[in-house]
Participant: 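Take a look at this one; I'll ask things after.
Values below: all heavy atoms of this structure, side chains included; hydrogens, waters and symmetry mates excluded.
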Amino acid sequence: MTSSIAWPLLFLSIFFTKIHFLPAQAERVKAEISTIDLDHFWEAYDSLATSTDSVATIQRLYLDRGSDGLKQFLKARNFTAAEYIKLIRRYPTFWPSIRPNTLAVKDQIAEIQSVFQEYARIYPKFKAPKVCFAIGCLRTGGTVRGGYLLIGTEISAADSLTEKSELNNWLKTVLPKDGDVTKMVAHESVHFLQKKGFGQVRGYFGHRLLMSSLMEGAADFIAGKAIGKHINDPIHAYGEAHEAELWKEFEPIMLDNDISNWLYNGTKSKDRPADLGYYMGYKICESYYNQAEDKSKAIIEIIEMKRYKRFLRKSGYSGS
């Protein structure tokens, strides 16, 4: 039988033991990471040299053999065998140049796992997602669906040696120069953690530009806090040089639902980088974090935000 004095001591022992082992628990976080679709794509690609039906070859050797993650990717982005063949023919030097980088992802598994360990340290509710590295159709570096981070490796693994001369201006800008896939993993991990619910529905229909910019900006900001880097260096370089004028343009329309000039506008942006909503959202999140007394709590609030107008007000952001 435990004495009345022993109970408090036992409680304190358990409490401090739990705190002591939090770093070790973070180290044990492991994600299920699949790269088999990369092998399947390049097997299909090589078979095109002797194929009499190129679309059927991609369908049979790549899409039909897809992992559960690739199946989710296909549902999310509607990639088709015909689109792959169109792109393979349009960019004949790009594909061989990106090949070694995509296959090298297998050598980065430990580094990728370390991203999730960092998230486990800064976000107590973190649970590792499943990750699928696959080849997409040059339309997305990553997305989230069905419990997966779905990484478009033909984009996220690009580096300075990747042949980009055939690509459009948007792709030339967004393709990274360092082959570091951990940045995309870190960005999409935040989207995996972000709360879905009524707040997001209300934001989507009531103030979509602000909501979407904050969600994307939060992904860049939290990635930066977790691993010290994010996916949007070119956008941020432009933003830092034009912050005040961008805010002057963004503020009057941020509660509108038209996102076409700020997000996912790819080749439509002619006189400045596309997707500058990422930068505006980042700056608001940065301001929110900087004014917060409890930085650990601020990280959680940024990830879990659901009242976007209130979040903006609390941030105190005003364009500088």
Participant: List for me each residue that meets side-chain hydrogen bond (donor to acceptor under 3.5 Å, both in side chains) alongside D39, sequence neighbours excluded, and say none if there are none.
Facilitator: K106

Participant: Can you see which heavy atom on A186 is nearest to which on I227, and at what distance?
Facilitator: CB-CD1, 3.6 Å

Participant: Holding to ring pair (Phe, Tyr, Trp, His ring centres under 6.0 Å), I want the full list of residues that pass it with W170, two or more places apart in sequence or in another chain.
Facilitator: none

Participant: Are any side-chain N or O atoms of S287 and backbone N or O atoms of S315, one a donor and one an acceptor, separated by less than 3.5 Å?
Facilitator: yes

Participant: Would you say the rings of Y62 and W42 are close, in the sense that their centroids are separated by under 6.0 Å?
Facilitator: no

Participant: R99: what forms a salt bridge (Lys or Arg N to Asp or Glu O under 4.0 Å) with it, not counting sequence neighbours?
Facilitator: D46

Participant: Ignoring hydrogens and geometry beyond distance, is a side-chain donor-acceptor pair present between E166 and T93 at under 3.5 Å?
Facilitator: yes

Participant: Looking at Y204, I'd like to know if the NZ or CZ of R208 sits under 6.0 Å from its six-membered ring centre while staying within 45 degrees of the ring's axis.
Facilitator: yes

Participant: Check whether any side-chain N or O of S212 sits under 3.5 Å from a backbone N or O of L209 as a donor-acceptor pair, and report yes or no.
Facilitator: no

Participant: Going by heavy atoms in the side chains, are V115 and Y119 under 4.5 Å from each other?
Facilitator: yes

Participant: Rounded to the nearest 0.5 Å, how far apart are CZ of F192 and CG of L150?
Facilitator: 11.0 Å

Participant: Just so I know, are the side chains of F126 and Q117 near enough to count as touching, which here means a heavy-atom distance under 4.5 Å?
Facilitator: no

Participant: Check the orientation of F41 and Y84. Use parallel for under 30°, tilted for 30 to 60°, and perpendicular for over 60°.
Facilitator: tilted

Participant: I253 vs D258, test: side-chain contact (heavy atoms from CB on, under 4.5 Å). Steps then yes/no.
Facilitator: CA-CA 8 Å; I253 62 170; D258 182 5; over 6 Å; no

Participant: Just do the side-chain contact (heavy atoms from CB on, under 4.5 Å) check on Y278 and S213 with the steps written out, would you?
Facilitator: CA-CA 5 Å; Y278 282 70; S213 296; over 6 Å; no

Participant: List the atom of G239, the atom of L246, and the distance in Å for their closest heavy-atom pair.
Facilitator: CA-CD1, 3.8 Å

Participant: State whether the side chain of E154 and the backbone N or O of L138 hold a donor-acceptor pair below 3.5 Å, judged by distance alone.
Facilitator: yes

Participant: Could you tell me which residues satisfy side-chain hydrogen bond (donor to acceptor under 3.5 Å, both in side chains) with S67, sequence neighbours excluded, listed by chain and number?
Facilitator: D37

Participant: Output the distance between atom CD1 (I303) and atom CD (Q194), rounded to the nearest 0.5 Å.
Facilitator: 8.5 Å

Participant: How close do M184 and G141 get, counting heavy atoms only, and between which atoms?
Facilitator: CG-O, 3.3 Å

Participant: For residues 72-95, which residue pairs pass the salt bridge (Lys or Arg N to Asp or Glu O under 4.0 Å) check, not counting sequence neighbours?
Facilitator: E83-R139

Participant: Report, one line per pair, each donor and acceptor closer than 3.5 Å where one atom sits in a side chain of residues 295-302; sequence neighbours left out.
Facilitator:
residue: K295; atom: NZ; partner: Y289; partner atom: O; Å: 2.7
residue: K295; atom: NZ; partner: N290; partner atom: O; Å: 3.0
residue: K295; atom: NZ; partner: A292; partner atom: O; Å: 2.8
residue: E301; atom: OE1; partner: Y288; partner atom: OH; Å: 2.7

Participant: Would a hydrophobic clustering, with Ile, Leu, Val, Met, Phe, Trp and Tyr connected at side-chain separations under 4.5 Å, put I36 with V105?
Facilitator: no

Participant: Any luck finding a side-chain donor-acceptor pair between N232 and D275 under 3.5 Å?
Facilitator: no

Participant: Donor-acceptor check, side chain of T57 to backbone of D53, threshold 3.5 angstrom: yes or no?
Facilitator: yes

Participant: Under 4.5 Å between any side-chain heavy atoms of K130 and C132, yes or no?
Facilitator: no

Participant: Do H207 and K309 have side-chain heavy atoms sitting under 4.5 Å apart?
Facilitator: yes

Participant: If you look only at pairs with a residue in residues 216-244, which of them pass as a salt bridge (Lys or Arg N to Asp or Glu O under 4.0 Å), with sequence neighbours excluded?
Facilitator: D180-K229, E240-K283

Participant: Would you mind reporting whether F94 and L171 have side-chain heavy atoms less than 4.5 Å apart?
Facilitator: no

Participant: Residues in side-chain hydrogen bond (donor to acceptor under 3.5 Å, both in side chains) with R65, at least two apart?
Facilitator: H40, E43

Participant: Nearest 0.5 Å please: distance from the CG atom of L103 over to the OG1 atom of T35.
Facilitator: 9.0 Å

Participant: Quick check: does any side chain N or O of D159 sit under 3.5 Å from a backbone N or O of T162, one acting as donor and the other as acceptor?
Facilitator: yes

Participant: Mind checking the OG1-CG spacing from T173 to N168? Nearest 0.5 Å is all I need.
Facilitator: 8.5 Å

Participant: Is it the case that one hydrophobic cluster holds both Y91 and L161, taking links as side-chain heavy atoms less than 4.5 Å apart, direct or via other members?
Facilitator: no

Participant: Any salt bridge linking K248 with E245? Criterion: basic side-chain nitrogen under 4.0 Å from a carboxylate oxygen.
Facilitator: no

Participant: Please find the pair of heavy atoms, one from A226 and one from I122, that lie closest to each other, and give the distance.
Facilitator: CB-CD1, 4.0 Å

Participant: Can you sort out the partners of K125 under salt bridge (Lys or Arg N to Asp or Glu O under 4.0 Å), two or more places apart, ordered by chain and number?
Facilitator: E304

Participant: Ring centres of Y282 and H230 under 6.0 Å apart?
Facilitator: yes

Participant: Would you check, one step at a time, whether the test side-chain contact (heavy atoms from CB on, under 4.5 Å) holds for Y279 with F250?
Facilitator: CA-CA 11 Å; Y279 175 76; F250 183 82; over 6 Å; no

Participant: Return each pair, listed once, that meets salt bridge (Lys or Arg N to Asp or Glu O under 4.0 Å) where at least one residue sits in residues 262-272; pairs must be two or more places apart or across chains.
Facilitator: E249-R272

Participant: Quick check: do Y148 and V131 have side-chain heavy atoms less than 4.5 Å from each other?
Facilitator: no

Participant: Does the side chain of I151 come within less than 4.5 Å of S156's, by heavy atoms?
Facilitator: yes

Participant: Between E32 and S34, is any side-chain donor less than 3.5 angstrom from a side-chain acceptor?
Facilitator: no

Participant: Run the ring pair (Phe, Tyr, Trp, His ring centres under 6.0 Å) test against Y238 and tell me which residues pass, sequence neighbours left out.
Facilitator: H242

Participant: Report the C-alpha separation of V190 and Y123 in whole Å, then their side-chain angles, then the decisive distance to 0.1 Å, and conclude whether the side-chain contact (heavy atoms from CB on, under 4.5 Å) test is met.
Facilitator: CA-CA 10 Å; V190 179; Y123 186 65; over 6 Å; no

Participant: Check whether any side-chain heavy atom of L276 sits under 4.5 Å from a side-chain heavy atom of M280, and report yes or no.
Facilitator: no

Participant: Are M211 and F198 in one and the same hydrophobic cluster, where Ile, Leu, Val, Met, Phe, Trp and Tyr link if side-chain heavy atoms are under 4.5 Å apart?
Facilitator: no

Participant: Cluster question for you: counting only ILVMFWY and a side-chain heavy-atom cut-off of under 4.5 Å, with indirect links fine, are L61 and I88 together?
Facilitator: no

Participant: Of all the heavy-atom pairs spanning E163 and S97, show the shortest one and how long it is.
Facilitator: N-OG, 2.9 Å

Participant: Are the side chain of W262 and the backbone of A274 linked by a donor-acceptor contact shorter than 3.5 Å?
Facilitator: no

Participant: Do you know which two heavy atoms are closest between R145 and A76, and how far apart they sit?
Facilitator: CD-CB, 3.7 Å

Participant: Report the residues that fulfil ring pair (Phe, Tyr, Trp, His ring centres under 6.0 Å) with F73, sequence neighbours left out, ordered by chain and then residue number.
Facilitator: F79

